[in-house]
Amino acid sequence: MTREYKIAILNGDGIGPEVVDSAKRVLTAAAEDNSLAITFLDFPIGWQAYRKFGRTLPPDTLAGMSECDGWILGPLEAGSYPKDDKDYPMASGKIRKGFDLFANIRPVKSFLKGSKKIDFVIVRENTEDFYPDRNLFKGYGEFWPDEDTVLSLRVVTRRACKRISETAFSLARSRASKRLVTAVHKSNVLIEGDGLFLEEVRKASKAFPDIILNDGLVDSVGMQLVLSPEKFDVLVTTNLFGDILSDVAAAEVGGLGLAPSLNSGEKYAMAQAVHGSAPDIAGKGIANPVAEILSTSMLLEWLHSRNGDESLKRCASTIDNAVTKILASGEKELLTTDLGGNASTGQFTSEIVREIAAP
Ligand code: NAI
Ligand code: MG
């Protein structure tokens with residue numbers, strides 16, 4: 001018997017409404033093609049919510065989200081939120097911490113014609129580290145002891161290191177490609193915090209004898225990601241390093257427009273592209289929606305891993321195959337401007353929808 005899935009739509013700011021609309025159109029087409037019943041429920045977030053409710057993450061949005069099977073979030077222009085926002089500084093941090101979305105999964109894959117074969121995933125811890133909005137129970141993890149000094153608090157817990165490591169090893173096993181996990185750290189300087197992280201990665205690896213464990217210092221891994229990205233499979237790292245490395249890695253495969261991500265925990269998951277709200281191109285109809293579309297397909301995979309409904313997996317493959325085909329075509333009139341093409345967001349999306357609907 002097929003069931004219905006409720007998906008929360010959180011448009012976000014800047015190009016958010018454009019790329020989320022695109023993800024919705026593509027998901028609708030793929031669901032139809034795979035007899036998957038999906039209902040979309042819209043909830044205000046970001047500037048839209050602030051203008052109406054004086055806050056960027058209203059309680060009704062949170063309550064509505066908790067009733068849904070999964071969430072699609074557009075980028076949030078957190079850098080521009082006013083200080084009187086009750087959810088200041090960052091709604092997405094509040095969501096990640098509040099719903100315990102501890103794993104941020106960021107695949108980096110080459111799709112474009114003639115590109116090097118790159119296919120790895122960054123598994124980034126999402127709930128602690130140097131992030132001052134989420135590493136304390138109450139308060140903010142940056143302090144001014146005097147007017148010329150700032151202290152930033154870094155939090156690393158055994159529990160968070162353990163579960164992010166287990167997530168990375170499981171992922172390496174399910175990918176069945178190189179069966180390799182690389183732990184990224186700076187334990188020569190952050191001796192205690194990254195020492196604990198490495199200790200937990202090594203412990204977790206014992207339950208995965210079929211997966212090779214390597215580790216490397218973040219600066220040196222950063223260089224290797226640029227010089228020889230094809231040798232990586234799964235990278236596991238703490239929050240800030242993962243954030244930085246994933247933008248660097250995105251540049252290897254065609255830019256932020258092609259960088260999807262999933263924020264996931266035990267109970268909830270949220271599709272959210274790596275990129276921000278791109279205020280420089282917002283409203284122009286030229287944003288690349290691939291990152292948001294592929295994040296949505298990751299959400300379907302995650303739902304499948306929870307309940308085994310094969311139509312979810314088929315739907316994800318339908319989306320991935322259509323995107324792969326259009327991107328690999330290398331045709332200017334099919335690609336968005338960031339990829340050297342001249343298609344608008346709407347035209348690109350229509351092309352994906354047409355590909356999905358094709359017999
Ligand atoms: P950004 O990712 O918004 O933009 C960086 C550059 O990449 C810009 O030139 C932009 O036009 C381009 N770009 C990004 N996504 C694109 C897409 N889908 N298609 C084509 N081009 C794309 O980063 P920026 O400018 O540093 O941040 C803007 C705002 O977004 C800030 O307020 C920041 O706080 C927020 N932000 C939010 C994130 C999120 O919600 N996940 C992540 C990163 C930044
Ligand atoms: Mg980032």
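Since the structure is predicted, the reported quantities are computational estimates derived from the model, not experimental observations. Indexing begins at 1, ligand by ligand and atom by atom, following the structure's order. When reading the values below, keep in mind they use all heavy atoms of this one structure, side chains included, and skip hydrogens, waters and symmetry mates.
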**Q** Do you see a protein non-hydrogen atom under 4.0 Å from atom 37 (C) of ligand 1?
**A**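 Answer yes: something from the protein, a heavy atom, is under 4.0 Å.
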**Q** Under 4.0 Å from any heavy atom of Val274, which atoms of ligand 1 are there?
**A**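 Answer, ordered by atom number: 42 (C).
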**Q** State whether any protein heavy atom lies less than 4.0 Å from atom 26 (O) of ligand 1.
**A**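 Protein heavy atom within 4.0 Å of atom 26 (O) of ligand 1: absent.
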**Q** Of Asp84, Asp85, Thr56, Asp87, which meets side chain to side chain donor-acceptor pair (under 3.5 Å) against Tyr50?
**A**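 For Tyr50, the side chain to side chain donor-acceptor pair (under 3.5 Å) check succeeds only for Asp84.
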**Q** Please state which protein non-hydrogen atom is closest to atom 35 (C) of ligand 1 and give its distance, to 0.1 Å?
**A**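 Minimum-distance protein heavy atom for atom 35 (C) of ligand 1 reads Leu76 O, 3.3 Å.
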**Q** Less than 6.0 angstrom from the centroid, inside 45 degrees of the normal: does Lys24 satisfy that with respect to the ring of Phe40?
**A**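 Judged by the rule (NZ or CZ under 6.0 Å from the ring centre, within 45° of its axis), Lys24 counts as positioned above Phe40.
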**Q** What protein heavy atom sits nearest atom 1 (P) of ligand 1, and how far off is it?
**A**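 Looking only at protein heavy atoms, the one closest to atom 1 (P) of ligand 1 is Gly276 N, 3.5 Å.
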**Q** Would Val19 count as a contact residue for ligand 1, given that I'm defining contact as a non-hydrogen atom of the residue lying under 4.0 Å from a ligand atom?
**A**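 The answer is no, since Val19 has no heavy atom less than 4.0 Å from ligand 1.
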**Q** For residues 269-282, which side-chain donor-acceptor pairs fall under 3.5 Å, sequence neighbours excluded?
**A**
| residue | atom | partner | partner atom | Å |
| --- | --- | --- | --- | --- |
| Gln272 | OE1 | Arg96 | NH2 | 2.8 |
| Gln272 | OE1 | Asn263 | ND2 | 2.9 |
| Ser277 | OG | Glu77 | OE1 | 3.0 |

**Q** Considering only non-hydrogen protein atoms, determine which one is nearest to atom 30 (O) of ligand 1 and report residue, atom name and distance to 0.1 Å.
**A**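 Ranked first by proximity to atom 30 (O) of ligand 1 is Ser277 N, 3.1 Å.
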**Q** Side-chain contact test, heavy atoms from C-beta onward, threshold under 4.5 Å: evaluate it for Asn135 versus Phe130 and give yes or no.
**A**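 No, their side chains stay 4.5 Å or more apart.
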**Q** Taking only residues two or more places apart in sequence, or in another chain, which ones meet Gln48 in a side chain to side chain contact (heavy atoms under 4.5 Å, CB included)?
**A**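 Partners of Gln48 by the side chain to side chain contact (heavy atoms under 4.5 Å, CB included) criterion, ordered by chain and then number, come out as Pro44.
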**Q** Which one holds for Asp280 and ligand 1: side chain close, backbone close, both close, or neither close, with close meaning a heavy atom under 4.0 Å?
**A**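 Side chain only; the backbone of Asp280 stays clear of ligand 1.
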**Q** Of all heavy-atom pairs between Leu258 and Val253, which one has the smallest distance, and what is that distance?
**A**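 In terms of heavy atoms, the two residues are closest at CD1-O, 3.1 Å.
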**Q** Within the structure, does at least one protein heavy atom fall under 4.0 Å of atom 40 (O) of ligand 1?
**A**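 Yes, there is a protein heavy atom closer to it than 4.0 Å.
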**Q** Do me a favour and list the nearest non-hydrogen protein atom to atom 19 (N) of ligand 1 with residue, atom name and distance?
**A**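 So the nearest neighbour among protein heavy atoms is Asn288 N, 2.9 Å.
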**Q** Gln272 to ligand 1: N or O pair under 3.5 Å?
**A**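 Right, the criterion is met.
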**Q** Would Ile281 count as being in polar contact with ligand 1, using the rule that some N or O on each side must be under 3.5 angstrom apart?
**A**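 No, since none of the N or O atoms of Ile281 sits under 3.5 Å from an N or O of ligand 1.
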**Q** Among protein heavy atoms, which lies nearest atom 6 (C) of ligand 1, and at what distance?
**A**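 The closest heavy atom on the protein side is Leu256 CD1, 4.5 Å.
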**Q** Counting only heavy atoms, which portion of Ile15 has something under 4.0 Å from ligand 1: side chain, backbone, both, or neither?
**A**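 The part of Ile15 near ligand 1 is the side chain, not the backbone.
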**Q** Strictly under 2.8 Å, how many protein N, O or S atoms lie near the Mg ion (ligand 2)? Waters don't count.
**A**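 My tally for this metal is 1.
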**Q** Work out whether the distance between some heavy atom of Asp13 and some atom of ligand 1 is less than 4.0 Å.
**A**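 Outside the 4.0 Å threshold, so no.
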**Q** Any atom of ligand 1 sitting under 4.0 Å from a heavy atom of Ala78?
**A**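 Yes, Ala78 has a heavy atom closer than 4.0 Å to ligand 1.
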**Q** Do the rings of Phe169 and Phe208 sit parallel, tilted or perpendicular, given the 30° and 60° boundaries?
**A**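 Phe169 vs Phe208 ring planes: parallel.
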**Q** Go through ligand 1 atom by atom and flag the ones less than 4.0 Å from a non-hydrogen atom of Pro279.
**A**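 So the answer, numbered in order with elements, is 28 (C).
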**Q** For atom 33 (C) of ligand 1, what's the nearest protein heavy atom and its distance?
**A**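 I find the closest protein heavy atom is Gly79 N, 4.2 Å.
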**Q** State, yes or no, whether a side-chain contact exists between Trp47 and Tyr81 at a heavy-atom distance under 4.5 Å.
**A**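 Yes; the side chains approach each other to less than 4.5 Å.
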**Q** Holding to salt bridge (charged side-chain N to carboxylate O under 4.0 Å, His left out), I want the full list of residues that pass it with Lys203, two or more places apart in sequence or in another chain.
**A**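 Applying salt bridge (charged side-chain N to carboxylate O under 4.0 Å, His left out) to Lys203 gives Glu200.
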**Q** Measuring from non-hydrogen atoms of Ala291 to any atom of ligand 1, is the shortest distance under 4.0 Å?
**A**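 Under 4.0 Å: no for Ala291.
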**Q** Any idea which protein heavy atom is nearest atom 14 (C) of ligand 1, and the distance to it?
**A**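 Looking only at protein heavy atoms, the one closest to atom 14 (C) of ligand 1 is His275 CB, 3.7 Å.
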**Q** Going through the distances and angles, do Phe99 and Tyr268 end up as a ring-ring contact (aromatic ring centres under 6.0 Å, His included)?
**A** CA-CA 7 Å; Phe99 287 102; Tyr268 300 102; 4.9 Å; yes
**Q** For atom 4 (O) of ligand 1, what's the nearest protein heavy atom and its distance?
**A**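 Here the closest protein heavy atom is Ala278 CA, 4.2 Å.
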